[in-house]
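Report on one structure; see the data block that follows.
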Amino acid sequence: MIISGEIDEVRFRNEENGYTIAVLDCEGEPLVCVGAFPPVSEGEYLSLEGDFTVHPKFGKQFKVTAVQAVRPDTLDGIVRYLGSGLIKGIGPKTALAIVDKFGKETFNVITQNPQRLASVKGISKQKADEIAQSYLKIENMRQAMVFLQGHGIPLGTSLKIFKRYGDDTVNALTQNPYRLVEDVDGIGFITADKIAAKLGVERDSEYRLRAGILYTLKEAADKSGNTFLPYGTLISEAAALLGADEKNIENTLDTLAVSRAVKTVETDEGETAVMLLSAYRAEYGAAQKLVTLLSSGDMTERDCSEDIAEFERAENIKLHETQRKAIELAAGGSVAVITGGPGTGKTTIVKCILSVLDKRGIKTALMAPTGRAAKRMSESCGREASTIHRALMIGREGDGSDEPVSAGAVIVDEFSMVDVYLFNTLIKRIQPSVKLILVGDSDQLPSVGAGNVLKDVISSGVVPVVRLERIYRQSGESLIVENAHRINAGKMPELGSKNEDFFFVRAGTPQEIADAAVGLAAERIPKFLGVEPYRVQVLCPLKSGVAGSVNVNKQLQKRLNAGGAYIETEDYRYIEGDKVMHVANNYNLEWRKFAGGIAESGEGVFNGDLGVIAEIRTQSGEIDVRFEDGRFVTYTADVRHQLVPAYAITVHKSQGSEFDAVIIPVYGGNPMIMTRNLLYTAVTRAKRLVVIVGEQYTVKRMVENDYIALRYSMMKKFLQDASARETLLFSGGRLRRENGEKA
């Protein structure tokens, strides 16, 4: 529907995303219009496209999808427009004086002969220039909006594009619309390709082929965790995406390699691997630095048996030989990896390492990839732990990304979650004299981000590793740990036990499975454990489907939080009191925190952070979220897509988290997803209770399915190559020294 009229009042405007609430005089009737607008002012005439809606609190509104501004053509309209404050240097009085002088020629004077404005009392030549520049900027923006919306780009996206390119918007996109993919957050290749087609860009344009190849590599990293693609795979996938001849793809790829937009590396199998330059720098750089740490650390052996014995006496425990070996390795070497499943004593080992290092006067920094994992580490070790991002102050202005970590040792927990980019950032900041101790479960799902860091580091044979396999569980204790290890070993978990922490609920169809999961999460389990429903987490193998996280989320939201202020988007309904999760690494999103009468603020909210919606301001579209660690964050419309309801989440999103209870709906699905690895990860997220919902044969099929999706990564090879060079260098240097030569 299209309506038109003059703006009578602008009630609210968010300059960041253009969200506006305006009252339009539509044939004498005031009408509230809401949506993304370009800069507008009172007195301006608009043509609006959209639909009528009824807001539960504010009544009838017109929800805007497209805006066309028209210059006012009445003297009163021109005065109101100029005096609205939109144009720098003109207030109501000045606007009236200008229109009194020039009448309906006012706009022509401003654009074609602005020096004439100086003939108006109170306007100098300098001020006349400022008025003209301000007006020209607004006109350029409007022309850009008309151009972008004319090519089917939504107004909100158009505003983001203009914010990036400014007055050069039309020229920049006419030359190469594919630059949007790299320059504007939220615009991918598919969107840019549609825009390019409307702009008449040829399908075999080099701009298009380059963008398609880079998009294929980026998608392989973002969706499958690959840091490279084999040459042949990349050519065929890019050709299929672009509908282009493979020979043209090969030629364009050669150009990308010459311009260093991509890097080609030979694998151990003799294949050519193609990497985004950013992935190559991260993986190669991390491998080089890790080998440097290994070779430059203090290799002097120190006996720590007495320190370990003192810890055993204080904790009234007896450590196993493998545990002692892990502690000695970590305390004595420069780099160590400690891996093992639940109940194998990783936490106890970390506490003992801390005790040993404390006695040696070594300051230790405790880190984890997520806020939840850091919180767990703090609670178990009795001292502060922080996220890797926060410890390195990633994302803060002027953080000085090369500033070294101020500690003598760094222990990173839940290391299986760390992708290659985060690992490279961390290891660059660690001095050669600092001990690096990596702790994690290599049998869990790999990181959401690109790379296979923990498994590659272990399998390289370059870094000292201790694998913990013995389960420290007393008879009558939790069945969760035992069943987790049974699943990991390819054995069926005990599903008929009378233990009160591991249950199986039979359900057949996906709808029955979803209904059972919702009932358990909303009522039965909170009542059984005596906890708030917030502490119960549904972990779904998939997002889609009747029993997927999206649908289960909607059902739980209805059961647990049906009322209150809300905002509805194309994807979600956000309601005050909702449990939510942040699903992207946003280094610039501001947060504030109040604790013990002390106010604190900073930047950075990261993938997997969980919280509750504290307040929704429907008029501005802003959402305030209180995260578990006490941080408050305000989400405006432009970053709201990074926030999703979290009554149910995918297993992948649960990594590094721990919940009082987890419910795992299992059902027939893609065998590449319904795997042993996924079920094991889900079960190990529970602290007090696990409930599996589905059919027993589905559980059996998952346990027997040891498929692990192949991740293309180069860390293992880079580590082995760097280690071989280091050994050769060391041997050569030693031989020269023995012959009296300078090494």
Side-chain angles (χ1 to χ4, degrees), residues 282 285-299 302 304 326-339 346-371 373-378 380-394 399-442 447 451 453-454 456-458 462-466 604 606 656 715 719:
Q288 301 302 306
K289 184 62 188 287
L290 190 58
V291 170
T292 300
L293 284 178
L294 277 164
S295 61
S296 60
D298 183 2
M299 303 304 291
R302 292 187 176 88
C304 57
I327 295 161
E328 288 166 354
L329 176 66
S334 53
V335 181
V337 174
I338 301 169
T339 185
K346 295 192 297 293
T347 299
T348 302
I349 288 171
V350 170
K351 288 171 70 176
C352 187
I353 292 169
L354 285 169
S355 175
V356 173
L357 295 178
D358 284 348
K359 285 180 171 55
R360 295 182 184 175
I362 297 175
K363 180 185 174 184
T364 306
L366 302 182
M367 301 182 194
T370 67
K375 184 180 179 183
R376 287 172 56 199
M377 197 180 190
S378 294
S380 62
C381 295
R383 65 177 72 186
E384 184 181 359
S386 69
T387 62
I388 298 171
H389 299 85
R390 192 171 182 192
L392 304 181
M393 296 191 294
I394 296 173
D399 62 356
S401 58
D402 294 326
E403 185 179 336
V405 173
S406 59
V410 172
I411 302 177
V412 184
D413 198 12
E414 294 285 359
F415 190 68
S416 63
M417 295 179 63
V418 176
D419 64 37
V420 68
Y421 294 104
L422 184 56
F423 183 50
N424 184 47
T425 303
L426 170 66
I427 203 165
K428 281 196 304 185
R429 305 274 286 275
I430 294 177
Q431 298 286 82
S433 59
V434 176
K435 295 178 183 294
L436 179 61
I437 302 155
L438 309 175
V439 183
D441 184 350
S442 60
S447 60
V453 182
L454 179 58
D456 282 352
V457 168
I458 291 172
V462 171
V463 180
V465 178
V466 174
F606 304 106
M715 176 70 78
L719 279 170

Measuring only between side-chain heavy atoms, which start at C-beta, is [X] closer than 4.5 Å to [Y]?
X      : Y      : value
Ile458 : Val463 : no
Ile338 : Leu329 : no
His389 : Leu422 : yes
Leu438 : Val453 : no
Leu290 : Leu436 : yes
Val350 : Val439 : yes
Leu294 : Pro464 : yes
Met367 : Val418 : no

Looking only at non-hydrogen atoms, find the nearest pair between [X] and [Y] and report the distance.
X      : Y      : answer
Val462 : Leu719 : CG2-O, 3.8 Å
Pro369 : Met417 : CG-CB, 3.8 Å
Arg360 : Cys304 : NH2-CB, 3.4 Å
Ala374 : Thr387 : CB-N, 3.9 Å
Glu414 : Ala373 : CG-CB, 3.9 Å
Ala407 : Thr364 : CB-C, 4.5 Å

- [ ] Only one of Glu403, Arg429, Lys428 passes side-chain contact (heavy atoms from CB on, under 4.5 Å) with Leu392; say which it is.
- [x] Arg429

TODO: Let me know which of Leu293, Val410, Val405 forms a side-chain contact (heavy atoms from CB on, under 4.5 Å) with Val434.
DONE: Val410

Set of residues satisfying side chain to side chain donor-acceptor pair (under 3.5 Å) with respect to [X], sequence neighbours excluded:
X      : value
Asp441 : Tyr680
Thr348 : none
Thr339 : Ser442
Asp456 : Ser713

TODO: Describe, in one word, how the ring planes of Phe415 and Phe423 are oriented to each other, choosing from parallel (under 30°), tilted (30 to 60°) and perpendicular (over 60°).
DONE: perpendicular

Value rounded to 0.5 Å, distance of [atom1] in [X] from [atom2] in [Y]:
X      : Y      : atom1 : atom2 : result
Lys351 : Thr347 : NZ    : OG1   : 8.0 Å
Ile388 : Thr370 : CD1   : OG1   : 9.5 Å
Ile411 : Leu354 : CD1   : CG    : 4.5 Å
Asp358 : Arg383 : CG    : CZ    : 4.0 Å

Task: Set of side chain to side chain contact (heavy atoms under 4.5 Å, CB included) partners for Lys375, sequence neighbours left out - done: Glu379

Would you find a donor on one side and an acceptor on the other, under 3.5 Å apart, between the side chain of [X] and the backbone of [Y]?
X      : Y      : answer
Lys346 : Gly440 : no
Ser378 : Ala385 : yes
Asp413 : Ala368 : no
Lys289 : Ile430 : yes

- [ ] Identify, with sequence neighbours excluded, every residue that meets salt bridge (charged side-chain N to carboxylate O under 4.0 Å, His left out) alongside Lys359.
- [x] Glu310

Open item on the list: Under the criterion side-chain contact (heavy atoms from CB on, under 4.5 Å), I'd like the reasoning laid out for Val412 against Leu426: C-alpha separation, chi angles, the key distance, then a yes or no.
Closed with: CA-CA 10 Å; Val412 184; Leu426 170 66; 3.8 Å; yes

